[in-house]
Every structure is written in C-alpha cells, then in structure tokens.
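See structure below.
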Amino acid sequence: MKKNILFLSLIALPMFAVAEDNTTVLPTITVKADSQETDATGKLKKDANLGILGEKAVLDTPFSIQSYTEQAIKDKQADSIAGILKNDPGIRTTTNSGHLNENFMIRGFAVTWEDANINGSYGMSPSGRTPTDILGSASVLKGPNALIAGMAPGGSVGGVVMATTKRADKDLTQVSAMYEDGGYYKSGFDIARRFGENNEFGARVSATYGQGEHIVDGLEDKNTAAVLAIDYTTDQAKINLYAYTTRDSRDGGSPAMIAFSTLERVLPAPDGKLNYFPHLEGMQSANYVGLSGEYKLLSNLKAFAGVGFNEREYRGHLFGTRMIVRDLPANYCTTGSQCLGGANGDALAQYYRVGSKENNTTANAGFEGQIFTGDISHTLAFRADYLKRKYSQHKGRGAAEVYFPTNIYNPSSEGHMPNTWPEVVPTADDVYVSYSLSDQISMLDDKLQFILGLRYQDMNLKSLTTNIKLKDDKVSPSAAIVIKPFGEETSFYASYVEGLVRGSTVSVATDANYNKTFAPFESQQYEIGAKYQGDRWLHTLALYQIKKPSTLTDTTYRDPNDSTITQITTDGAKTESKGVEYGFSGKVTEDLIVYGNLAYIDTEYKKAISSGVDLSGKTIEGTPEFTAGVGVDYTLPFVEGLSVNVFVTYVDEQYLTADNKLQLPDYTLVDLGAKYATKLGGVNTTFRANVDNVTDKKYWDGVFASGFTTVGAGRTYKLGVSFDF
C-alpha cells in the first residue's frame, strides 16, 4: 500500500508540468505567516490551516471549526488554551480551571492535553497545558478527522485542538503586565520586526514571567514562557524557524476533583477558592524547535516540508488531585495528629509523587498543485507524516502515596508529600507514519466544491515495560461537498470523516483474551451544516453524528474449562453522539458586538459494560444535554477608547456516573470585562480588566471521570496593561 501511494504521487508530478500553460497560478505567497483576516468582531479568523487541505476559508470548510485571534486571547486575558475555549460552552473541560493538566470533552468524547496539535503536528505541545503567551492563534476542529490531523497518539477522538506559535506578521514593540487577585503578577515583552528590501525577513521574540498566589488560597505558581520565530518569505519560497520554552512550578496547592460514587449522593458544591492540598509541589517543562519551508516549483505546484523536536517532562504531584467523599467514622485518624469527626463532606485524599520524560520527533513533506480538467479545478495534495515518541514514566504508581483525611467544606492540613522519589523507567517507543492524498474539486466559479481524501496510517508501538508490540495499519477515507447556491456569503455542506484510535492490549491475566491486542478502532462522523459570512455577521449551523467503537469487559464471564478465567474483554463496545451546534458573531451597530454558541447533544452507550454493570442505553457522563454562551461587547460613545463586555454561560444538568445514578445540577456563570485604549506620553496604552464568575457561584464544573467531579473556580479578578511603542 505504501509503495502504491508513493508511486502515484511521483507519476502525478509530470501532470502539473504538462498542464502549466493552461492552469491558474497558485495564490501568491504574501509576507505574513498566515492570513490575518478576521470576522466583524475581530475575535475569529476567517481562515484556518487544515493540514493537507492548506489554508481554507471557514466558509469553504465542510467541518465545524473556530479559529481565535491573538487579539481575542489578549482581551480575554486567558492564560492557557482552556481559558480561550470556555467561550464555547459546547466544549467541556474535564479538569479544573487552573489545573496544570488541561483535558476536554468535545462532542461527547475526550480530547487530552498530549494531543494538542502545535504548528501542524502532534507531539510538539508543552507538557500538561499550552500557555497563550507563546501562541499567535488557537483553533478547534470539532469531531474526529484523520484526514486533516492524523491519528492522535493519546487516543483523542472528540476533536483536534490546534494552535500556532507567535510569528512576525507585523512590526511590534510591546511591554505588558497583569495582576490576578491573590497576589499573582506576570510581566513580559513582545518584539517583532519585518526587514529586508521587500520585507522578506521577519523575526519575533516574546517572553513572560509570572509568580505569586492565585486560583485557590495558598497556591503559589511560577510560570515562564518564551517564544522565538524567524522567517524568510517571498513569492517563491517561505522558510520558518520557530522555538519555545515553557516551565510551570507549583507549590502549596491545587484545584481538586471530588468523587461521590462511594457516598452515593452529590453534596452541595464548596467554595472554589478552598485549598485541599496545601503541601503539594510539582513542576513541568517543555522545549521545542521546528523548521518548515515551502518552495514553488512551478506556477501551479509547490513542495513543502517540516521537522520538529520536542522534549517535555513533569515531576511531583501535578495531576490526580483527587478526593473520595465517604461517611468516615467519628474521630477517623490516620496519624493521630489530626482527626475528623465524621461531619458531612468528610473525605479521603492522598499526596503522591510521579514523574515522566518524553522526547518526540516529527517530520512531514509533500506536494500541492492545481490542474484543470475543462472548467473543473483540482487542487491535489500528497503529504507524508512521521512521529517518533520515546516516553519514560514512573514505575508502578510512583512513590508510595500518603493518605490523609479531609473535608470538602473544611480542608485539613494533614498529610505531606512522599519522602521518596519514584524510579523513572523507559515506558514506550512508538512510531507513527502516515501518507495522505486529497483532491479539492471546484467548479461553477466555486459554487460547487468537493473534497475527496484518504490517509494511510501505519503504527509501530512498543511497550518497554511489558514487551508488548503492536504493528498495524489502517486506511481512513473522507468525503465532503460544499454548495454556494446564493452567492459567496452562504454555503451548505455535508461531510464524512473518520478518526483512528490505537487498539488496546488486554493486560489482566485472568481475562480470557489475556495479551490479545485489538486492531485500531475507527470512529465515524457524519455532518451537515450551513454557514453565512457577510460584512457584519458570521453564522454557523452544524448537525452531526459520531459512532465510536471500543473494548468492553464482561466480569460475569466464566470459562468452563479454566476456573482461573473470571472475565473476557472484546471489541464489541459502541458509543454514539449526535447533536446540533449553532454559533454566531457580528456587529449590531458600530459600537455593539454580540457573539455566542448554543449546543444540544444526545450521547449514549449503545453497548457497554463497566464493573459487571450493563450500561447500554445510558447517557455518557459529563455531557450536558444543552449548553449556551452569549457575549456582548459595547464601546461607550462618551468615553473614547473605552469598551465593556459581559459573557453569560449556561450548562445543563449532567450525569456524574456512567450508570446515571448520580447527577450534577445545572449552573449559570457571568463574566465581566472592560478595555480602555488611550495614549500615555505618546505611547499606545491598553488597560484591561476581567472578573470571571462575578457572583462567586459555587458549582460543580464538570466530570473528570465517572464518579469524579471538578470544583468550579471561584470569583477571579484580573487587571492588565500593555504598552505599544
């Protein structure tokens, strides 16, 4: 199969040369990294980079995608990707606000931090979370999409979180500072220049340092981020060098995830500022460098290639900040130094110490060209991708846990970090190789467009702790149509795409299929939708259905010939998600902007078993049926440069457990903000103020895993200022 694809790509090259005299020249490469056009609000980009499909207008994209601008990130004062995505209530965070690991639920399926796609590749993201200080834009492609992004190494299916690091698209000299209540302060600089006779050279360097208490009482963070970008861009060629470094150090606390399965009821939510882990400590860091280039071989044919290197690590107690609520007996003690009295909300928690190191290498290369068959345009592309992931992790569960009693309304100071450090051992050596082909067909002055594509994915995965190896491959086809019957401002589309997840290996010795490795699982998404983008408004509407297979374990199974076999794992599980999403943004007047998203979702375990319980017909936990978010920005006419904004989020009830026996209540949040742009001493100056959760609402935010809910963040104040010289 590989040889066939490579052969087809090579024999296609002469077609472009023969067709050159009768083709339309490819768009001229302009002196900027990507298109910076935005919608009328300035918050969303009109175009998005879609891998093998290149940079496409949102209106011509037959998928659901939102690309947030750097300006939107700044005005929100979001410190990570999670802070950006909270504007879309249809995307649920499965970890706490402010947690150093940021995971999401998109269209009912998990998307983990390790599957963030940076500068077009997996494996290049920072550890745990992606800070906005290094980003030029951030996008979310909803639903599985093997054609555009390939196979996510962490197994994410719900969508693809994509981001690009900062690049020099214009001259900039900026100094900034921000303050967050509790005592956290961050400052930084951002300098960019274009130079050369035709501005063909660009360079940008930016760095920030933050330190202080925030998020929960007593939690101290130190955060460092720096990014570098150098480019050479002409009509003929484009070369980009980019690099970043990030480091997060945490001491004295963390947000918490609380389990109610043992208690078998959900208690009222506590104050979001309470600190349950006052002795916690940990750090994570990442370093990255990448090089990419494009070269126009003919007026209608270009070649591109890229390579990237990433190293990341974590150590200490960063994730798994879990508490199990239970009816503890009166005067329950662990060390004798402090006892709890069995009051409502008593819980058991633990400190632990873990660690990992990871080294990733990625590379890609391909061709893109345009030919005509009569009046029909074909934009053909071939791309090869490579990812090597070498991963080391703590042995077992890490250092021995230190358990301690506490209370969700009155946290204790019991417990301490383990006194020993875990042994970090080589864990995995994985290689992913894929080849993609696509044909973007356009006719009738772009009023009718088709996208046909496929990706051949090959994987060679090695578990170094169990010596289990998995070598497999799959072909994932995609097809889509876009119709513009009423002009350039309106489009209708339909698409079919697939996602791919590595097959799992049965590791339980008492399982009838012990040591069996299942083939990769293919998820399928069907989507239809409509989009409108005029001078003042953007509207998007999507209806989708996703089908995802996986494994299930039946613990009631018994082997009549072997009494030691007490369960069986098969690949018969099926999960389904279907829903409707509507998004809008626009200018009501020159001074008034409105924007928002509404989502309805229906998720179901079609066939599933957990701990011997049949979950078939149950709703997937952590998927509220209805979510909505609406924002308003208003520029005050009587004070030049001053604008205020409000954003309201509603989240419906959601099940906490897979068996649907426990449920979290619905909630509404209100965020306020203001921006004042003026000149101080001839220097362009912008002041920003944000208050998240204005009413200091106490609420359960979402679901981390079946039975575990995350504590909603308390009221948070942020003040910021930037000076543009």
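Along the sequence shown, residues carry numbers from 1.
- The closest donor-acceptor contact from the side chain of Arg250 to the backbone of Gly282 lies at 3.5 Å or more, if one exists at all.
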Open item on the list: Does Lys531 form a side chain to side chain donor-acceptor pair (under 3.5 Å) with Thr540? I'd like the steps, not just the answer.
Closed with: CA-CA 4 Å; Lys531 301 179 183 182; Thr540 61; over 6 Å; no
- [ ] Please step through side-chain contact (heavy atoms from CB on, under 4.5 Å) for the pair Thr321 and Met257, ending with a clear verdict.
- [x] CA-CA 6 Å; Thr321 49; Met257 292 164 266; 3.5 Å; yes
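- Arg193 and Asp171 are not joined by a salt bridge, as no carboxylate oxygen comes within less than 4.0 angstrom of a charged side-chain nitrogen.
- Thr627 and Arg92 share no side-chain donor-acceptor pair at under 3.5 Å.
- By the 4.0 Å N-to-carboxylate-O rule, Glu200 lies too far from Lys238 to be salt-bridged with it.
- For Ser292, the side-chain hydrogen bond (donor to acceptor under 3.5 Å, both in side chains) partners two or more places apart in sequence, or in a different chain, are Tyr242.
- Ring orientation note: the planes of His539 and Tyr582 are close to parallel, at an angle under 30° on the 30°/60° scale.
- Panel note: side chain Tyr667, backbone Asp701; a donor-acceptor pair is recorded below 3.5 Å.
- A salt bridge links Arg204 with Asp190: the closest approach of a Lys/Arg side-chain nitrogen to an acidic carboxylate oxygen falls below 4.0 angstrom.
- At a threshold of 4.0 Å, the pair Lys43-Asp75 does not count as salt-bridged, since none of the basic side-chain nitrogens sits closer than that to a carboxylate oxygen.
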TODO: Go through Thr686 and Ser722 one step at a time and tell me if the side-chain contact (heavy atoms from CB on, under 4.5 Å) criterion holds.
DONE: CA-CA 5 Å; Thr686 303; Ser722 60; 3.6 Å; yes
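- Within the 3.5 Å criterion, the main-chain N or O of Val482 finds no donor-acceptor partner in the side chain of Ser491.
- Side-chain atoms of Thr132 come within 3.5 Å of backbone N or O of Ala78 as a donor-acceptor pair.
- Taking the six-membered ring for Trp and thresholds of 30 and 60 degrees, Phe647 and Tyr595 have nearly parallel ring planes, at less than 30 degrees apart.
- A side-chain contact (heavy atoms from CB on, under 4.5 Å) with Tyr699 holds for exactly one of Val711, Val651, Asn693, Thr709; it is Asn693.
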Throw together a table of side-chain donor-acceptor distances under 3.5 angstrom for residues 60-67, partners on residues two or more places apart or in other chains.
| residue | atom | partner | partner atom | Å |
| --- | --- | --- | --- | --- |
| Asp60 | OD1 | Gln449 | NE2 | 3.3 |
| Asp60 | OD1 | Lys484 | NZ | 2.5 |
| Thr61 | OG1 | Ala57 | O | 2.8 |
| Ser64 | OG | Arg107 | NH2 | 3.0 |
| Ser64 | OG | Glu527 | OE2 | 2.7 |
| Gln66 | OE1 | Tyr68 | OH | 3.0 |
| Ser67 | OG | Ser139 | OG | 2.6 |

Task: Criterion side-chain contact (heavy atoms from CB on, under 4.5 Å) on Tyr544 and Ser577, from CA distance to verdict - done: CA-CA 8 Å; Tyr544 65 87; Ser577 166; 3.6 Å; yes
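- In this structure a side-chain-to-backbone donor-acceptor pair under 3.5 Å is present from Thr69 to Gly42.
- Taking the six-membered ring for Trp and the full ring otherwise, the centers of Tyr244 and Tyr288 sit less than 6.0 Å from each other.
- For NZ of Lys222, the number of neighbouring non-hydrogen atoms (other residues, nucleotides, ligands) closer than 6.0 Å is 12 at most.
- With respect to Lys166 and Asp133, no salt bridge is recorded, no charged nitrogen being found less than 4.0 Å from a carboxylate O.
- Among all heavy-atom pairs drawn from Ser254 and Asn275, the shortest one is N-OD1, 3.7 Å.
- Asn119 and Thr165 share a donor-acceptor pair across their side chains, judged by distance under 3.5 Å alone.
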TODO: Tell me, with the steps shown, if Phe319 and Tyr314 meet side-chain contact (heavy atoms from CB on, under 4.5 Å).
DONE: CA-CA 10 Å; Phe319 52 84; Tyr314 65 78; 3.5 Å; yes
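- Ring geometry for Tyr232 versus Phe201: interplanar angle of 30 to 60°, hence tilted.
- In this structure, Asn117 contributes its side chain and Gly120 its backbone to a donor-acceptor pair below 3.5 Å.
- Arg715 and Asp181 are not joined by a salt bridge, as no carboxylate oxygen comes within less than 4.0 angstrom of a charged side-chain nitrogen.
- The side-chain heavy atoms of Ser285 and Thr224, taken from C-beta on, include no pair separated by under 4.5 Å.
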